[in-house]
Amino acid sequence: MVAFGKKLKERSIEEWQEYYINYKLMKKKVKQYGPQIEVGSLDRRHVLKDFSRMLDHQIEKIALFMLEQQGLLSSRLQKLREWHDTLQDEPDLSQIAKLREAYRAVGQDLLKLLFFIDMNAIGIRKILKKFDKRFGYRFTNYYVKTRADHPYSQLQQVFRHVGLGAVVGAISRNLHELQNNEGSYLSIYDQPVLPLQDPVVDSIKNAVDRLTHSTNFLNFMAQHALIMQDDEDLLMLPPDEQAEKEEGRYHFMSLLLNLANTFLYMVNTYIIVPTADDYSMSLGAAATVCGVVIGAMAVAQLFSSVYFSAWSNKSYFKPLIFSSIVLFFGNLLYALAYDFNSLALLLIGRLFCGFGSARAVNRRYISDCVPLKIRMQASAGFVSASALGMACGPALAGLLQTDFKIKNVTFNQDTLPGWVMAVAWLLYLIWLAISFREPAREPEEIHTSQESTSADQDGNIEKGLKKPLLLASEETEYDEEDDGDGSEESSDDSRKPANSFVAAYKLLTPSVKVQLLIYFMLKYAMEILLSESSVVTTYYFGWSMSSVSIFLFCLGLTVLPVNLVVGSYISNMFEDRQILLASEIMVCIGIVLSFHVVIPYTVPQYVISGFIMFVSAEVLEGVNLSLLSRVMSSRLSRGTYNGGLLSTEAGTIARVIADATITLAGFLGQSMLLNVTLLPSLIICVGSILATCYTYNSLY
C-alpha cells in the first residue's frame with residue numbers, strides 16, 4: 001500500500017503544489033517532537049501550541065486559496081451569465097454550443113478544486129491521527145472543537161467547502177437550460193429529481209457526494225450496522241472510475257435480498273421468545289430451560305459468524321443459499337420436536353438456525369457492493385430491518401393462537417413459529433435463487449479479498465463539521481511508517497489484517513476493550529430482559545402469551561423513534577462520550593428499578609424499568625459502536641477477523657451467558673429468578689461505568 005504522502009505528491013495538481021498541505025513537513029515535525037520531549041528541550045504544552053500554530057497556518061493557506069479559486073470561478077460564471085442573457089434575445093445555435101462548452105470547462109475546473117479539497121481534508125485527518133498516535137493525546141478532539149465552533153473558522157472552509165454549493169448550482173442550472181428542452185419552461189428547481197444528462201454535472205455530483213454524505217439520523221442509524229470505509233480506499237480510484245466500478249457491482253434486488261435476510265433472521269430469533277417456556281414445559285422440562293432454547297441459536301452464531309465472514313471473501317450468493325437451507329431445516333426440526341416429544345430435537349433445531357446466521361454476509365455486501373453515495377441509506381436500512389424484525393417476531397407469535405392437527409402433525413402456538421419460519425425461508429430461498437446477482441470480482445480481489453470487512457463502518461460520513469474529521473482521525477494509523485531518514489514508505493505488516501482472534505485481540509487498545517465491555521454489558525442486560533420476560537411475567541402477573549408478545553412488540557417499536565431523536569437532536573447537543581456515560585447510568589437505573597425487594601412486584605414497576613433499560617441500551621449501542629469505529633485499528637477493518645466480527649462475538653457471548661444464567665438460576669426457583677439474573681447485569685453495568693470514567697478521564 002502506497003503511503004498517503006506519496007499519493008499526495010503523485011496526485012496533486014502541479015500548478016497548485018504550493019497550496020496543498022505540506023504533509024511531509026508536518027510529518028517530519030511530529031517525528032522531531034518525540035526526542036525533544038524526551039531530552040526535556042520541549043514540554044508538552046509547547047508541543048501542542050507549536051503544532052496547533054503550524055496546522056492553523058496550513059489550513060489558512062488552503063482556505064484562502066479555495067476562496068481565491070471560488071472567486072475566479074464565480075467571475076467566469078458571471079461573464080457566462082451575461083453571454084447567456086444576450087442569447088436569450090438572439091438565439092444562435094453555434095453560440096449556444098460554445099456557451100455550453102464554456103460552462104463545461106468551468107465544471108472541469110470545479111472538479112479540480114473539489115479534488116484539491118478532498119486531498120487536503122484527508123491530509124489534515126491523517127496528520128492529526130499521526131500526532132494522536134505518537135503522543136497518546138486526544139488532540140484531535142480539542143483542535144476540532146475549538147476551531148469548528150469559532151465564528152471565523154477556516155476549518156469549516158475545508159470540511160464544509162462553504163460557498164461551493166452556489167457554484168455547483170449555477171453550472172447545473174445553466175447546463176440544464178442550454179439542453180434541448182423546447183417547449184419547457186421548467187428549471188432544475190421545478191423538477192429537482194430530473195436526471196441531468198450532462199456528464200460534467202454527473203461528475204460534479206459524484207465528487208460532492210464523496211465530500212458530503214447523509215445527515216444525522218441516517219448517520220446514527222448506520223453506526224449500528226458497523227459498516228466502514230477507510231480514507232485510503234477513496235484514493236484508490238479517481239471519482240468517476242470509482243463510481244463506475246461501484247455501479248457495476250451494485251444490484252438493487254440483491255441488496256433488497258440481503259436486507260430481507262436480515263429481517264427474517266431477526267424475526268426467527270425473537271418469534272419463539274413468548275412461547276419458549278411453554279414449549280419447554282410441554283416437553284417435560286422446566287420453564288427456565290427456555291434460556292437454553294433461546295440461547296442455543298446464539299451459541300451456534302459464535303461459530304457461524306466466523307465461517308460466514310471468511311466465506312464472504314469469495315462469494316455472497318453461496319453463503320446466502322446455505323444460510324436459507326440451514327434455517328429452513330432448523331425451523332422444521334424445531335416444529336417437529338413437539339410431536340417427537342424431544343427436547344434434544346428442539347435444541348438441535350435452534351442450533352441449526354444459529355448456524356444459518358448470515359448477518360456477516362449482509363454487512364459485507366453493503367460495504368463492498370453498494371455505491372458510496374447510497375451506502376449510508378443501505379446501512380440505515382440494515383439497522384431498520386433488524387429493528388423491524390425484532391418487533392415483528394413477538395407480534396407474529398402473538399397472532400399464532402390456534403391448535404389443530406393434520407395427519408398427526410401438531411400446529412399450535414409452540415410449533416407454529418417453526419412452521420411459519422420454515423415456509424418463509426423456503427419462499428426466500430426461491431426468491432434468492434431467481435433474483436440474486438453475484439457481483440463481479442476482480443482477479444486480484446479473489447486472492448487478496450481482505451480489502452473490505454463484514455463490519456466496516458462508513459468512516460466518511462460527514463456529520464456537521466466535527467464528525468468527518470473525528471471519525472477518520474481517531475482511527476489508528478496503518479499506512480505510514482518512518483524509516484531512519486524520515487522518509488515515508490509503506491509497511492506490509494502495518495496493512496495486514498489480523499489472521500486470528502489472538503492477533504486481533506493484540507491490536508485492541510484499552511479504549512477499544514472498554515467499548516467492547518460496554519457492548520457485552522448492554523447485550524447481556526437486553527437478553528436477560530427479553531428472554532426471561534415470559535417466565536417472569538407469568539409468575540408475577542399471570543400474563544398470557546399474547547400479553548407477553550404485545551410487551552415485547554412495544555419494546556421493539558421504540559428502536560427507530562429513539563434513534564431518530566438521538567440521531568437528529570441529542571447528538572447535536574452533547575458529545576458522544578457524554579451520551580455514552582449518561583446511557584450507561586440510565587441502563588443501571590433501569591436494572592436497579594427492576595429488582596424485586598420487599599414491596600409487592602407490580603406491572604408498572606416491571607414495564608417502566610424494562611422500558612428504561614431497553615431504550616437506554618438502544619441509545620448506548622448506537623453511540624458505543626460509533627465510538628468503537630473511531631478507536632478501532634484500521635487493520636481490524638479488513639479480513640475475516642475484523643472489528644465487526646469481534647463486536648458480534650462479544651455481543652453473542654453475552655447473549656449465550658445471559659441465557660445460560662436464566663437456566664441455571666431456574667434451579668433456585670422462579671421466585672429467585674428475577675433478582676439472581678439481574679445481579680450479574682448490575683455488577684457488569686457498574687464495572688463498565690467505572691471503566692468508562694477511568695478511560696475518558698485518562699484520555700481527556
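The structure displayed is predicted, hence computed values, not measured ones.
Within 6.0 Å of the NZ atom in Lys318, the count of heavy atoms belonging to other residues, nucleotides or ligands does not exceed 12. Within a 6.0 Å sphere centred on CZ of Phe352, other residues, nucleotides and ligands contribute 12 heavy atoms or fewer. In the displayed structure, Phe303 atom CZ is contacted under 6.0 Å by at most 12 heavy atoms of other residues, nucleotides or ligands. Heavy-atom contacts from other residues, nucleotides or ligands closer than 6.0 Å to CZ of Phe329 number 12 or fewer.
Taken to the nearest 0.5 Å, the CD1 atom of Ile325 stands 10.0 Å off from the CG atom of Leu426. To the nearest 0.5 Å, atom OG of residue Ser435 and atom NE2 of residue His251 are 7.5 Å apart. Taken to the nearest 0.5 Å, the OH atom of Tyr365 stands 5.5 Å off from the CZ atom of Phe436. Rounded to the nearest 0.5 angstrom, Leu530 CG and Tyr270 OH are separated by 5.5 Å. In this structure, the separation between CG on Leu320 and CD on Glu438 is 8.5 Å, given to the nearest 0.5 Å. Distance check, rounded to the nearest 0.5 Å: CG of Asn261 to OG of Ser323 gives 5.0 Å.
Thr269 and Arg655 get closest at one heavy-atom pair: CG2-NH2, 3.7 Å. Scanning both residues, Ser305 and Glu649, for their nearest heavy atoms gives CB-OE2, 3.5 Å. Nearest heavy-atom pair, Ser357 versus Ser304, reported as atom, atom and distance to 0.1 Å: CB-OG, 3.6 Å. Across Leu508 and Lys513, no two heavy atoms sit closer than the pair O-CE, 3.7 Å. Among all heavy-atom pairs drawn from Ala391 and Phe553, the shortest one is O-CD1, 3.0 Å. Listed here is the closest heavy atom pair of Val656 and Gly295: CG2-O, 4.3 Å.
Aromatic ring pairs are classed by plane angle as parallel below 30°, tilted from 30° to 60° and perpendicular above 60°; the pair Trp431 and Tyr428 is perpendicular.
Taking the charged nitrogens against the carboxylate oxygens, Glu621 and Lys523 do have a contact shorter than 4.0 Å, which makes a salt bridge.
In this structure, Asn331 contributes its side chain and Leu327 its backbone to a donor-acceptor pair below 3.5 Å. Looking only at distances, a side-chain donor or acceptor of Ser254 sits under 3.5 Å from a matching main-chain atom of Arg437. For the pair Ser312 (side chain) and Ser309 (backbone), a donor-acceptor distance under 3.5 Å is present. Here the side chain of Asn120 pairs a donor or acceptor atom with the backbone of Phe116 at under 3.5 angstrom. No donor-acceptor pair under 3.5 Å is formed between the side chain of Glu618 and the backbone N or O of Val559.
Within the 4.5 Å cutoff, the side chain of Gln515 has heavy atoms near those of the Leu580 side chain. Under the 4.5 Å side-chain criterion, counting only non-hydrogen atoms from C-beta, Val361 is not in contact with Trp311. Looking at Asn268 and Trp425, their side chains come closer than 4.5 Å, going by heavy atoms from C-beta outward. When side chains are defined from C-beta on, Phe317 counts as touching Leu432, because their heavy atoms get closer than 4.5 Å. Under the 4.5 Å side-chain criterion, counting only non-hydrogen atoms from C-beta, Cys392 is in contact with Val267. Two residues are said to be in side-chain contact when any heavy atoms from C-beta on lie closer than 4.5 Å; Ile518 and Leu620 meet this criterion. You'll find the side chain of Met297 stays beyond 4.5 Å of the side chain of Thr652, heavy atoms only.
A search for side-chain hydrogen bond (donor to acceptor under 3.5 Å, both in side chains) contacts involving Tyr265 returns Gln301, not counting sequence neighbours. Residues passing the side-chain hydrogen bond (donor to acceptor under 3.5 Å, both in side chains) test with Thr262 are Asn362, sequence neighbours excluded.
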Derivation of the side chain to side chain contact (heavy atoms under 4.5 Å, CB included) call for Val423 and Phe328: CA-CA 8 Å; Val423 172; Phe328 168 75; over 6 Å; no
Criterion side chain to side chain contact (heavy atoms under 4.5 Å, CB included) on Arg350 and Val299, from CA distance to verdict: CA-CA 9 Å; Arg350 288 296 286 176; Val299 171; over 6 Å; no
Audit row: Arg359, Phe382, side chain to side chain contact (heavy atoms under 4.5 Å, CB included) steps and yes/no: CA-CA 10 Å; Arg359 287 171 66 82; Phe382 177 87; 3.8 Å; yes
Derivation of the side chain to side chain contact (heavy atoms under 4.5 Å, CB included) call for Ile124 and Ile21: CA-CA 8 Å; Ile124 294 169; Ile21 181 174; 4.0 Å; yes
